[in-house]
Amino acid sequence: MGKINIITKLENVNEKKFFSTDCMGLKTDNKIKFFDNNIGITITINDNEIEIDRRCDEYEIVIVASLLETKKGIYKIKGLGNLDLDVKTKKLEINENGFEVNYLMILDSDNPQEFKYTVTYRE
């Protein structure tokens with residue numbers, strides 16, 4: 001396991017909200033693990049696909065981004081149970097020091113939420 005510095009930028013395009021984090025994490029092979037405000041995040045990077053797993057006491061959400069595909073995700077909210085989640089990837093660029101992904105998170109087909117998520121890291 002190698003320690004890395006991670007910078008994340010998450011934009012909710014619909015609501016024009018922007019969040020960023022600069023933290024330390026661990027990288028092993030194709031996995032990155034870190035905490036963002038008490039939320040445990042594991043990102044698995046494959047050749048043409050990224051899986052983002054976010055967990056805390058209140059919820060668990062797993063987003064799978066695969067270019068120009070719609071994938072099933074997981075959204076479990078404590079006290080409510082599982083919600084249907086689809087993820088449609090609009091853009092996915094992976095490089096040796098991170099990635100950028102633009103996707104639609106579809107919980108309600110009448111109101112999909114668009115996100116842009118950029119992660120960069122270095123030792």
Side-chain angles (χ1 to χ4, degrees):
M1 280 194 187
K3 252 186 169 178
I4 56 173
N5 177 252
I6 301 166
I7 299 171
T8 68
K9 297 175 185 172
L10 177 64
E11 178 185 358
N12 181 322
V13 176
N14 300 66
E15 298 177 6
K16 299 191 182 343
K17 290 184 179 177
F18 182 82
F19 308 92
S20 65
T21 302
D22 188 339
C23 63
M24 296 302 291
L26 297 173
K27 182 175 185 312
T28 55
D29 299 322
N30 64 335
K31 287 191 188 285
I32 300 169
K33 294 182 179 190
F34 61 99
F35 282 91
D36 180 1
N37 294 320
N38 295 323
I39 300 170
I41 301 172
T42 302
I43 299 172
T44 306
I45 303 170
N46 295 312
D47 291 336
N48 296 308
E49 186 173 276
I50 292 175
E51 180 178 297
I52 304 162
D53 186 324
R54 301 173 58 91
R55 296 171 188 249
C56 64
D57 292 339
E58 293 83 33
Y59 68 85
E60 171 188 343
I61 187 167
V62 178
I63 293 170
V64 179
S66 184
L67 190 57
L68 303 176
E69 288 188 48
T70 300
K71 296 277 192 168
K72 288 288 182 196
I74 298 169
Y75 199 177
K76 296 179 185 176
I77 300 175
K78 185 177 181 179
L80 290 178
N82 295 346
L83 302 175
D84 288 334
L85 172 64
D86 289 321
V87 178
K88 181 176 182 179
T89 307
K90 297 172 72 174
K91 176 183 177 181
L92 177 60
E93 292 180 3
I94 302 170
N95 60 52
E96 63 186 44
N97 293 317
F99 64 88
E100 179 180 344
V101 60
N102 297 5
Y103 61 92
L104 292 174
M105 191 167 79
I106 306 165
L107 289 165
D108 173 1
S109 61
D110 293 333
N111 189 25
Q113 296 292 301
E114 183 174 353
F115 292 89
K116 294 180 182 179
Y117 190 45
T118 304
V119 175
T120 56
Y121 52 87
R122 67 179 189 280
E123 291 184 31

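The line from CZ of Phe19 to OH of Tyr117 is 12.0 Å long, rounded to the nearest 0.5 Å. The distance from the OG1 atom of Thr44 to the CG atom of Asn30 is 6.0 Å, given to the nearest 0.5 Å. Rounded to the nearest 0.5 Å, atoms CD1 (Ile74) and CG (Leu83) are 12.0 Å apart. One distance of note links CD1 of Ile61 with CD1 of Ile77; it measures 8.5 Å at 0.5 Å rounding. For the atom pair CZ of Phe115 and OG1 of Thr89, the computed distance is 13.0 Å after rounding to the nearest 0.5 Å. Atom-to-atom distance recorded for Lys71:NZ and Ile63:CD1 is 14.0 Å, nearest 0.5 angstrom.
Using a distance-only test at 3.5 Å, with no hydrogens or angles considered, a donor-acceptor pair links the side chain of Lys27 to the main chain of Asp29. A donor-acceptor pair under 3.5 Å is absent between the side-chain atoms of Asn38 and the main chain of Cys56, judged by distance alone. For Ser66 (side chain) and Glu49 (main-chain N/O), no donor-acceptor pair under 3.5 Å exists by modelled atom type.
Annotation for Tyr121 and Glu96: closest pair OH-O, 3.5 Å, computed over non-hydrogen atoms.
Salt bridge annotation for Lys91-Glu93: present, with a cationic side-chain nitrogen under 4.0 angstrom from a carboxylate oxygen. Between Glu58 and Lys78 there is no salt bridge, since no side-chain N of the basic residue sits under 4.0 Å from a carboxylate O of the acidic one.
The local environment of CG in Asn46 is crowded, with over 12 non-hydrogen atoms from other residues, nucleotides or ligands closer than 6.0 Å. Enclosure of atom CD in Glu15 by more than 12 non-hydrogen atoms of other residues, nucleotides or ligands within 6.0 angstrom is indicated.
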* Asked: Can you check salt bridge (Lys or Arg N to Asp or Glu O under 4.0 Å) on Asp86 and Lys88, steps first, answer last?
  -> CA-CA 7 Å; Asp86 289 321; Lys88 181 176 182 179; over 6 Å; no
* To do: Using the side-chain contact (heavy atoms from CB on, under 4.5 Å) rule, take Thr120 and Asn97 through it: C-alpha gap first, then chi angles, then the decisive distance, then the call.
  => CA-CA 6 Å; Thr120 56; Asn97 293 317; 5.7 Å; no
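Below 30°, between 30° and 60°, or above 60°: for Tyr75 and Tyr59 the angle between ring planes is above 60°, a perpendicular geometry.
Just one of Glu114, Glu69, Glu100 meets the salt bridge (Lys or Arg N to Asp or Glu O under 4.0 Å) condition when paired with Lys90; it is Glu114. A side-chain contact (heavy atoms from CB on, under 4.5 Å) with Ile6 is found for exactly one of Asp36, Ile43, Ile41, Ile32, namely Ile32.
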